[in-house]
There are 2 protein chains.
Amino acid sequence: MEKISLYQILYQKLRESIIKGEYNEGDLLPSENELCSQYQVTRPTVRQALSQLVNEGYVRKQQGKGSIVQQLNKGLKLLSIEGTTAAFEGEKFYSKILVQPSIVDWPQDFFYAINTQAESTNCIMLERLRTIESRNVIYEKTYITNKQMPRFTQKNLEDKSLFETLKKYYQIQITGGEQKIRAINADKHVAKLLQVLIGKSLLMLQRKMYTNRKDFFVYSLVYCDTEHYYIQDLF
Amino acid sequence: MEKISLYQILYQKLRESIIKGEYNEGDLLPSENELCSQYQVTRPTVRQALSQLVNEGYVRKQQGKGSIVQQLNKGLKLLSIEGTTAAFEGEKFYSKILVQPSIVDWPQDFFYAINTQAESTNCIMLERLRTIESRNVIYEKTYITNKQMPRFTQKNLEDKSLFETLKKYYQIQITGGEQKIRAINADKHVAKLLQVLIGKSLLMLQRKMYTNRKDFFVYSLVYCDTEHYYIQDLF
DNA sequence: ATTTTTAACTTGTAAATACAAGTTATTTTA
DNA sequence: TAAAATAACTTGTATTTACAAGTTAAAAAT
């Protein structure tokens, strides 16, 4: 079992409390001193946990007053270290596998530069469609470095988090990442999948996720129809 | 003169070093112990400064190895606490005032809910166009709470940062914020300003910036042509 | 010359302590 | 009763100390 630090335990508990709705927007979390008592830790440890909640936009702090819970889940949280499955927390959504994971060559003119010697000469590719309330909202193509990934192509990812699967079966953890964000006009293919008119404006994210494995990345190309679900960013 | 803490001084110096190009991508910053010696501060103070650089994507850390400089300025940094002027750092850009700051009523159906009693019954509005290398890239409409803002409408903001002006003359500091991100098809008005075809896909950001003043916000509606300059996000 | 072991670095986690500065509640004064 | 002053809370900043865990360099062994 992977070792988890005290501040990470506290961070997760507080985050879950917020996500579950135990606080309303504007409410104060317990004070730093109260959290020290409740969890038998010291103030720097509490502050480390709170700092992460602040960085992720769950909370903001006001000197002399407290840690104020910010609004949640009014938009999709795609702009974070979490995968698209986590971005839908609190929403009724479905994830459909359009193309099962299969081994392919890296596409030509890939949206990130690939070091095929260090990474792999080919990759595992899969395509998914995310649906909220009968609306196809996100179309996502994922490319994974094909290194030490036995039997991955047999994994069933329907309605499951790719990141959690990588972690559970392969001990691969996402540690950070980068993305390029653009607006594009839907071509025939993407328009059909997202059930919008050709030329409709879509958000396109080109994501590169770093992992705890050396030279091992997860790349995603995400098309998002933002008509009914905008992307939310807190900072 | 406003008091600035030790970790903030260190953070700014390191950040400037990175932005100026004193490091290449992949380079290591001086170690935490080295920074302690150089700046005569203790390790928690150094770590606080580094933590902010990590949060903003300038640096990532690897246990046992060091603080690794990440790539910079390959995209516009609009997804952060900084204003759009800061997003252009390292680029040759111009900021043109299309509509001088003037006092107007809050628009109907404003993209954020306004509490006119707590905020103000009207606001200061201005419109700017940002240009990189002869390309109109960003069109921005800004709405500022009209409270204790004497002579703001006479300020010259051409090629200047709004946030820095607010800070210098009104002691107003941006402390955080939120934004909704959508892709929209350009209408006639915006298409003309950004010099693109009607229907072209644009990024639209609806931003609400929090400040150190109670019930005082800065709202922006940002249209961005991402054809040549994508938005970059590190996380 | 190569491999293994050890040393010396690095960041990560955590506690203890102290004071500054902001907000709110309570007490005192007019 | 209202205003001012004070107390008690809050977060912000900073130091000191210690050990865990990862990476790299140097030394020792083969």
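Labels below follow one simple rule: chain letters A, B, ... track the order of the sequence lines, proteins then strands, and each chain is numbered from 1.
Nucleic acid contact for Ser31(B): sugar-phosphate only, since backbone atoms but no base atoms lie under 4.0 Å from a heavy atom of the residue. Within the 4.0 angstrom heavy-atom criterion, base atoms lie near Thr42(A). Leu6(A) comes within 4.0 angstrom of the backbone, heavy atoms only, and of no base.
Along DNA chain C, the nucleotide closest to Gly64(A) and the one closest to Pro30(B) are compared, and the more 5′ of them pairs with Pro30(B). Nearest-nucleotide mapping onto DNA chain D: of Arg43(B) and Gln48(B), the residue sitting toward the 5' end is Gln48(B).
For Arg47(B) and dT16(D), the CZ to P distance is 17 Å, given to the nearest whole Å. Atom C1' of nucleotide dC9(C) and atom CD of Glu34(B) are separated by 10 Å, given to the nearest angstrom. At whole-Å resolution of the value, CD1 in Ile4(A) and C1' in dA20(D) are 16 Å apart. Between Gln8(A) atom CD and dA20(D) atom P the separation is 18 Å, expressed in whole Å. In this structure, Gln40(B) places its CD atom 15 Å from P of dA14(D), rounding to the nearest Å. The separation between Glu32(A) atom CD and dA14(D) atom P is 15 Å, rounded to whole Å. Rounded to a whole Å, the CG atom of Leu35(A) is 13 Å from the P atom of dA15(C). In this structure, CG of Leu28(B) is placed 11 Å from C1' of dT23(D), rounded to the nearest angstrom.
Defined by atom type and a distance below 3.5 Å, a donor-acceptor pair is missing between the side-chain atoms of Tyr11(B) and Glu16(B). Looking only at atom types and distance, the side chain of Ser95(A) has a donor-acceptor partner in the side chain of Arg130(A) under 3.5 Å away.
In this structure, of dT10(C), dA15(C), dT16(D), it is dA15(C) that holds the atom nearest to the side chain of Thr45(A). Minimum atom distance to the side chain of Gln63(B) is reached by dG12(C), of the listed dG12(D), dG12(C), dT15(D). The side chain of Pro44(B) has dT15(D) as its nearest neighbour among dT15(D), dT13(D), dG12(C). Distances from the side chain of Lys61(A) to the nucleotides dA16(C), dT10(D), dT11(D) place dT11(D) closest.
Under the 4.0 Å criterion applied to side-chain N and carboxylate O atoms, Arg43(A) and Glu32(A) are assigned as salt-bridge partners.
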Q: Test Thr142(B) against Ser220(B) for side-chain hydrogen bond (donor to acceptor under 3.5 Å, both in side chains), laying out the working first.
A: CA-CA 4 Å; Thr142(B) 300; Ser220(B) 276; 3.1 Å; yes

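For dT10(C), the OP1/OP2 oxygens have no side-chain nitrogen or oxygen of Gln62(B) closer than 4.0 Å. The shortest distance between the side-chain N/O atoms of Ser67(A) and the OP1/OP2 oxygens of dT11(D) is below 4.0 Å. Put simply, Asn33(A) has a side-chain N or O that comes within less than 4.0 Å of OP1 or OP2 on dT10(D).
For Lys141(B) and Tyr223(B), the positive end is not near the middle of the six-membered ring at less than 6.0 Å and at most 45° from its axis.
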